[in-house]
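Structure record follows, encoded as C-alpha cells.
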Amino acid sequence: MNAITTIEDIRARVGALRGEGKTIGFVPTMGALHEGHLSLIRLAGRHADEVVVSIFVNPRQFGPDEDFEEYPRTLQDDIALCEALGVAAVFAPDSSVMYDEESYLGIDIETLNVHMDGGSRPGFFEGIVLVVNKLFNIIRPDVAVFGQKDIQQFRILQQMVREFNHPVSLVRGPIIRAEDGLALSSRNAYLSDEQRRLAPGLYRSLRYLEQQITDGAKNLELLLNHQKSELEAKGFEIDYLNVFSFERMAPVGQLRKGSKYILAGAVYLGETRLIDNMIIELQD
Ligand code: AMP
C-alpha cells in the first residue's frame, strides 16, 4: 500500500468508494501512530464502510518555539499499520499540497480558545480548525473520529462542524493508556527513562481528583492546589490543572449536579508537554 499524496488522487479514490455506495469514516492524524490512533481507526470502521486516514504534521498548529522539526515521522510504519487494519486509503500530503505559499485568510476562534491548551498555545487551535476544515473539504467524510485525549480540540471541532455546516458526524474515542495509566502520545517518545517513570503521575493526580470530586469534596481550589504542589514536588512543571465546563471550556469554581465537566491537566517534564483529562458528570 502506498500513501496518496495529492488532493486529486485522494478525491478520485474516495469518489470511487462512494461510487460503490460506501460510506466514509475519516481519522485525521499527525502520524507516528500508536494504539490510541489505531483505536480510532477501528472505531471509524464501526461507523462507516471504509476508513481513510490522513497523516500530516500540520505546520500551522505549531508555535515558533514548538517541536515541528523534531516531531516523530514514521510514515512507512504508519502505512503498514493502516494496511493491517484494512484502511482504504492513507492521505499523506506535503505542506505545499495543503497550503499556498502565502495565505490571505484565517479562522478566528472565540470563547472556546481562551483557556486550557488554547490559552497556553497561541495559534494552535486556529491551525487545527484550518487544517481540519481543509481535510473535511478534501475527503468529505460521513463520519470523522477524534480522541478524547484532545478534548478541547474535539469541542472546538464540534462547534466548527455546527457553525460551518459540515455534513459530517463527529465521533469521540476514549483515551488509550499504557498499563501504568499514561495516556499514549506520539510525544511520549521524547521522554527519558526517568521521565517516563514519572509521567503517569499526571494520570494518578487526575484519578485522585476525580474520586474526591465525585465523592462530593467541597473545596475544589484547595484540592487542586494540593495536587499541583504534589506534582511539582515530583518534578512536573504545571501549565494548568483545573476543572472546566464542557460547553464553554472555561474554569468553574462550583460544581453543580447534573452538569458535565472536564478535569484536565497539562504539565511539562523537561521540554515535553503532557496532557490528560477526564470527563466528570455529577449525577442528580
Ligand atoms: P495526533 O496524531 O496527535 O494529532 O492525534 C490524532 C488523533 O488521535 C486525535 O484525534 C487525538 O485526540 C487522537 N489520540 C491521540 N492520542 C490518543 C490516545 N492516547 N487515545 C485515543 N486517541 C488519541
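Numbering of ligands and ligand atoms starts at 1, following listing order. Given the structure is predicted, the values throughout are model-derived calculations rather than measurements.
- Nearest to atom 21 (C) of ligand 1 by heavy-atom distance, out of Ser185, Gly147, Pro174, is Pro174.
- At a 4.0 Å cut-off, at least one heavy atom of His34 sits close enough to ligand 1 to count as contact.
- Here is the list of ligand 1 atoms found below 4.0 Å of a heavy atom in Pro28: 6 (C), 7 (C).
- Formation of a donor-acceptor pair under 3.5 Å by the Arg121 side chain with backbone atoms of Gly63 is not found in this model.
- Nearest residue to atom 5 (O) of ligand 1 from His37, Met30, Arg177 is His37 (criterion: closest heavy atom).
- Annotation: atom 23 (C) of ligand 1 to nearest protein heavy atom, Lys149 CB, 4.0 Å.
- At least one N or O atom of Leu184 sits closer than 3.5 Å to an N or O atom of ligand 1.
- Contact annotation for Leu40 and ligand 1: only side-chain heavy atoms (C-beta onward) come within less than 4.0 Å of the ligand.
- Given atom 11 (C) of ligand 1, the protein heavy atom at minimum distance is Asp150 OD2, 3.0 Å.
- Contact annotation: for Glu35 versus ligand 1, there are no heavy atoms closer than 4.0 Å.
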Show me, pair by pair, the donor-acceptor contacts under 3.5 angstrom made by side chains of residues 162-175, not counting sequence neighbours?
from   : atom 1 : to     : atom 2 : distance (Å)
Glu163 : OE2    : Gln159 : NE2    : 2.9
His166 : NE2    : Asn133 : OD1    : 2.8

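- Protein heavy atom at the shortest distance from atom 3 (O) of ligand 1 is Tyr71 OH, 3.9 Å.
- A distance of 10.0 Å separates OG1 in Thr6 from CD1 in Ile138, rounded to the nearest 0.5 Å.
- Scanning all protein heavy atoms for the shortest distance to atom 20 (N) of ligand 1 gives Ile176 N, 2.9 Å.
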